[in-house]
**Student:** 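One structure coming up, written as structure tokens, with questions to follow.
For ligands, and for the atoms within them, numbers begin at 1 and follow the listed sequence. None of these values were measured; they are calculated from a predicted model. Sequence positions, counted from 1, serve as the residue numbers for this chain. Only heavy atoms go into these numbers, but all of them, side chains included; no hydrogens, no water, no symmetry mates.
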Amino acid sequence: MDSIVVQGGQALKGSIPIAGAKNACLTLMPATLLSEEPLTLTNAPRLSDIRTMTLLLQSLGAEVSSLAEGGVLAMSSHDINNHTADYDIVRKMRASILVLGPMLARDGHAIVSLPGGCAIGARPVDLHLKALEALGAELDLREGYVHAKATGGRLKGGRYAFPIVSVGATENALLAAVLAKGTSVLENVAREPEIMDLAQCLRAMGAHIEGEGTDTLTIEGVDRLHGATHPVVTDRIELGTYMLAPLIAGGEVTLQGGRRGLLEAFCERIEAAGAEVTEGPEGLTVRRANGPMRAVDVETAPFPGFPTDLQAQMMAMLCTAEGTSVLDEKIFENRFMHAPELTRMGAKIDVHGGTATVTGVDRLRGAPVMATDLRASVSLILAGLAAEGETKVSRVYHLDRGYEHVVRKLSGVGAKIERVKDDV
Ligand code: EPU
């Protein structure tokens with residue numbers, strides 16, 4: 001296993017290129033199952049989660065090949081010869097459940113392992129299943145697997161109002177409804193940029209979708225979809241993560257390809273904390289406006305609210321901001337696993353249920369730390385950028401799921417950071 005070692009105290013200067021979004025790519029890839037013609041994604045990130053989705057699609061009979069140049073992922077699902085998504089792959093990555101809707105829509109049957117819980121909470125998939133039932137799926141849960149069949153062999157248009165906003169359940173239902181017979185209306189859907197990206201890609205494949213970006217999607221099912229080439233939207237979470245780096249370490253960094261519209265609520269909060277964000281032709285440039293960062297309160301919410309996927313990184317910044325900040329995590333019940341690790345670096349954090357109170361300290365101190373999920377890991381690297389001495393973040397495989405070339409990107413703007421092999 002590898003670790004990342006950061007020597008704190010270097011101000012940052014320069015540009016960081018932002019990759020295509022992991023979470024968009026993970027929902028765009030299963031769209032290949034909807035057509036016998038090729039689907040090509042460009043600007044795809046090179047991450048272990050993308051490799052896991054590649055293996056899953058290949059296990060179903062899809063052809064998937066990736067070219068480093070331009071982040072091209074070429075996929076073809078001409079011959080789907082297996083309709084079972086195995087536990088061994090699904091347990092590694094919850095987004096695997098996103099093959100259920102498309103397989104069911106294409107061939108009228110599918111068997112997909114239930115993903116189980118994970119480090120940030122229980123994360124059930126009941127809403128995925130209820131939405132598919134509303135489109136005519138018959139579901140049977142047996143031995144840890146969902147056995148799904150479309151009544152009469154083909155899904156049919158239906159209406160479903162989500163009781164809470166779910167990104168994944170919206171995606172699964174949309175992926176299924178595009179090939180269902182008739183009109184589907186999905187209410188209280190997620191509005192994340194990744195959903196907009198999926199709708200655009202499906203439309204390029206010939207789907208009829210209206211309302212993306214609002215809370216209601218209306219889909220007129222078609223008999224078949226054709227091939228397309230689609231660029232993956234910019235990763236707003238990678239963008240926000242690196243926007244915090246110069247606020248923590250000092251200096252000025254330009255995030256190439258960044259747009260404010262992807263992260264308005266986040267930009268508003270960091271500006272309230274003392275950041276200056278400028279949008280230019282190259283991307284977003286970020287630095288401290290004047291003097292030290294100040295405390296702000298943060299409440300996570302579905303888009304367009306403050307993203308839960310930036311809560312840990314924001315907490316790392318607030319650890320050395322002047323004053324006391326309150327962070328309310330409203331999406332996942334157990335997403336403060338980074339707090340005890342930040343405390344080991346000298347942060348003052350009290351966690352009660354879904355609320356963390358952070359009182360800024362002058363300086364964090366480097367320490368050996370580890371994290372149990374992706375965003376928590378990167379928050380510890382951010383904290384290490386300004387900490388006194390050395391921070392060693394272990395279990396880097398979490399990071400490899402969602403951040404491409406962290407060491408190259410941060411050392412490119414002057415951070416002292418390296419990846420080391422752990423002694424066994
Ligand atoms: N939920 C249910 N039932 C369901 C589905 C969701 O109760 O059937 C609950 C969840 O437990 C959670 C809330 O609804 O409390 C919202 O979950 P959502 O379904 O929106 O999350 P997701 O689709 O599983 C995606 C991202 C996450 C991100 C969330 C929220 C992907 C692959 N994952 O997860 O990303 O945190 O949306 O924005 O798109 C990450 O990248 O680090 C990550 C965890």
Side-chain angles (χ1 to χ4, degrees), residues 19-30 45 47-50 52-53 56 90 92-101 112 114-134 139 141 146 160 162-175 186 188-198 215 232-233 235-241 262-263 265-266 299-314 328-335 337-338 354 371-379 398-404:
K22 165 183 84 89
N23 288 347
C25 204
L26 289 176
T27 186
L28 291 164
M29 291 176 75
L47 301 167
S48 64
D49 270 8
I50 303 302
T52 305
M53 184 58 87
L56 174 58
V90 177
K92 290 191 188 137
M93 189 181 68
R94 300 180 48 81
S96 306
I97 190 79
L98 294 174
V99 299
L100 177 59
V112 177
L114 287 164
C118 75
I120 61 176
R123 299 181 80 185
V125 291
D126 54 324
L127 304 178
H128 297 240
L129 305 184
K130 286 192 180 121
L132 293 173
E133 276 177 336
L139 305 176
L141 305 187
V146 185
Y160 186 70
F162 291 93
I164 57 167
V165 175
S166 161
V167 174
T170 300
E171 292 167 346
N172 228 337
L174 176 59
L175 283 160
L186 304 173
N188 196 27
V189 293
R191 293 182 273 166
E192 270 63 6
E194 294 74 27
I195 308 257
M196 309 264 286
D197 204 35
L198 174 62
D215 64 2
V232 179
V233 67
D235 195 321
R236 67 197 163 97
I237 306 302
E238 189 194 30
L239 172 64
T241 301
L262 292 168
L263 277 179
F266 170 80
E299 185 174 303
T300 63
F303 193 84
F306 189 101
T308 173
D309 290 345
L310 285 171
Q311 177 260 108
Q313 302 89 313
M314 186 75 172
D328 272 316
E329 172 54 58
K330 297 284 195 194
I331 308 291
F332 293 110
E333 69 267 28
N334 189 25
R335 212 175 194 184
M337 304 290 275
H338 40 284
T372 44
D373 77 85
L374 167 62
R375 309 301 171 189
S377 309
V378 85
S379 77
H398 289 299
L399 209 67
D400 294 337
R401 296 186 61 172
Y403 290 91
E404 197 184 75

**Student:** Quick one: look up the protein heavy atom nearest atom 19 (O) of ligand 1 and list residue, atom name and how far away it is.
**Tutor:**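 Its nearest protein heavy-atom neighbour is S166 OG, 2.6 Å.
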
**Student:** Tell me whether ligand 1 is touched by K22 - counting only heavy atoms on the residue side and a distance under 4.0 Å.
**Tutor:** yes

**Student:** Under 4.0 Å, counting heavy atoms only: does H398 come that close to any atom of ligand 1?
**Tutor:** no

**Student:** Of all the non-hydrogen atoms in the protein, which one sits nearest to atom 32 (C) of ligand 1, and at what distance?
**Tutor:** N23 OD1, 3.4 Å

**Student:** Hey, is D49 close enough to R94 for a salt bridge, meaning N to O under 4.0 Å?
**Tutor:**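 The answer is no: the pair does not qualify as a salt bridge.
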
**Student:** In terms of residue, atom name and distance, what is the protein heavy atom nearest to atom 42 (O) of ligand 1?
**Tutor:** R375 NE, 2.9 Å

**Student:** Under a 3.5 Å threshold, yes or no: a donor from one side chain and an acceptor from the other, between Q311 and H338?
**Tutor:**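 Result is yes, a qualifying pair exists.
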
**Student:** Is there side-chain contact between P302 and R191, with heavy atoms separated by less than 4.5 Å?
**Tutor:**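 Counting from C-beta outward, P302 and R191 never come under 4.5 Å.
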
**Student:** When you look for heavy atoms under 4.0 Å from ligand 1, do you find them on the side chain of R335, its backbone, both, or neither?
**Tutor:**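 Answer for R335: side chain.
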
**Student:** Considering only protein heavy atoms, which is closest to atom 8 (O) of ligand 1, and at what distance to one decimal place?
**Tutor:** L127 N, 2.7 Å

**Student:** Report the nearest protein non-hydrogen atom to atom 25 (C) of ligand 1: residue, atom name, distance rounded to 0.1 Å.
**Tutor:** V167 CB, 4.1 Å

**Student:** Heavy atoms, side chains only, cut-off 4.5 Å: are P115 and V125 in contact?
**Tutor:**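 Of all side-chain heavy-atom pairs linking V125 with P115, at least one is under 4.5 Å.
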
**Student:** Between D400 and L47, is any pair of side-chain heavy atoms under 4.5 Å apart?
**Tutor:**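 The answer is no, as the side chains (C-beta and beyond) never meet within the 4.5 Å cut-off.
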
**Student:** What atoms of ligand 1 come within less than 4.0 Å of a heavy atom belonging to G168?
**Tutor:** 19 (O), 23 (O)

**Student:** Within the 4.0 Å heavy-atom shell around H128, which atoms of ligand 1 are there?
**Tutor:**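 Near H128, the atoms of ligand 1 are 8 (O).
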
**Student:** Report the part of I164 in contact with ligand 1, treating N, CA, C, O as backbone and CB onward as side chain, heavy atoms under 4.0 Å; options are side chain, backbone, both, neither.
**Tutor:**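 Contact part for I164 vs ligand 1: side chain (C-beta onward).
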
**Student:** Nearest to atom 24 (O) of ligand 1, what protein heavy atom do you find, and at what distance?
**Tutor:**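 Here the closest protein heavy atom is R123 NH2, 3.0 Å.
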
**Student:** Whether the T27 and E194 side chains hold a donor-acceptor pair (N or O, under 3.5 Å, no angle test) is what I'd like checked.
**Tutor:** no

**Student:** Side chains of V90 and L114, heavy atoms from C-beta outward: is any pair under 4.5 Å?
**Tutor:** no

**Student:** Closer than 4.0 angstrom: is that true for some heavy atom of R94 and an atom of ligand 1?
**Tutor:** no

**Student:** Taking F162's backbone N and O only, do any of them form a donor-acceptor pair with N188's side chain (distance below 3.5 Å, no angle check)?
**Tutor:**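 Between the backbone of F162 and the side chain of N188 there is a qualifying donor-acceptor contact (under 3.5 Å).
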
**Student:** Against heavy atoms of T308, which atoms of ligand 1 measure under 4.0 Å?
**Tutor:** 30 (C), 36 (O), 38 (O)

**Student:** Would you say the side chain of I237 lies within less than 4.5 Å of the side chain of Q313, judging by non-hydrogen atoms?
**Tutor:** yes

**Student:** Distance under 4.0 Å to a non-hydrogen atom of V125: what atoms of ligand 1 satisfy this?
**Tutor:** 4 (C), 8 (O)

**Student:** Taking the basic N atoms (NZ, or NE/NH1/NH2) and the acidic carboxylate oxygens, is any pair closer than 4.0 Å for E238 and K22?
**Tutor:**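 No, E238 and K22 are not salt-bridged.
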
**Student:** Note the single closest protein heavy atom to atom 3 (N) of ligand 1, along with its residue, its atom name and the distance in Å.
**Tutor:** D126 OD1, 2.7 Å

**Student:** Any idea which protein heavy atom is nearest atom 16 (C) of ligand 1, and the distance to it?
**Tutor:**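 Here the closest protein heavy atom is I331 CG2, 3.7 Å.
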
**Student:** Enumerate the atoms of ligand 1 whose separation from the nearest heavy atom of P124 is less than 4.0 angstrom.
**Tutor:**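 Taking each heavy atom of P124 in turn, ligand 1 has 2 (C), 3 (N), 4 (C), 5 (C), 6 (C), 7 (O), 8 (O), 11 (O) under 4.0 Å.
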
**Student:** Find the distance between CD (E192) and OG1 (T170) and round it off to the nearest 0.5 Å.
**Tutor:**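 Those atoms lie 8.0 Å apart.
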
**Student:** For the backbone of I97 and the side chain of N172, can you confirm whether one donor and one acceptor N or O come within less than 3.5 Å of each other?
**Tutor:**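 The answer is yes, because a donor-acceptor pair under 3.5 Å joins these two groups.
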
**Student:** Check for me whether A169 has a heavy atom closer than 4.0 Å to any atom of ligand 1.
**Tutor:**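 It does not; every heavy atom stays at 4.0 Å or beyond.
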
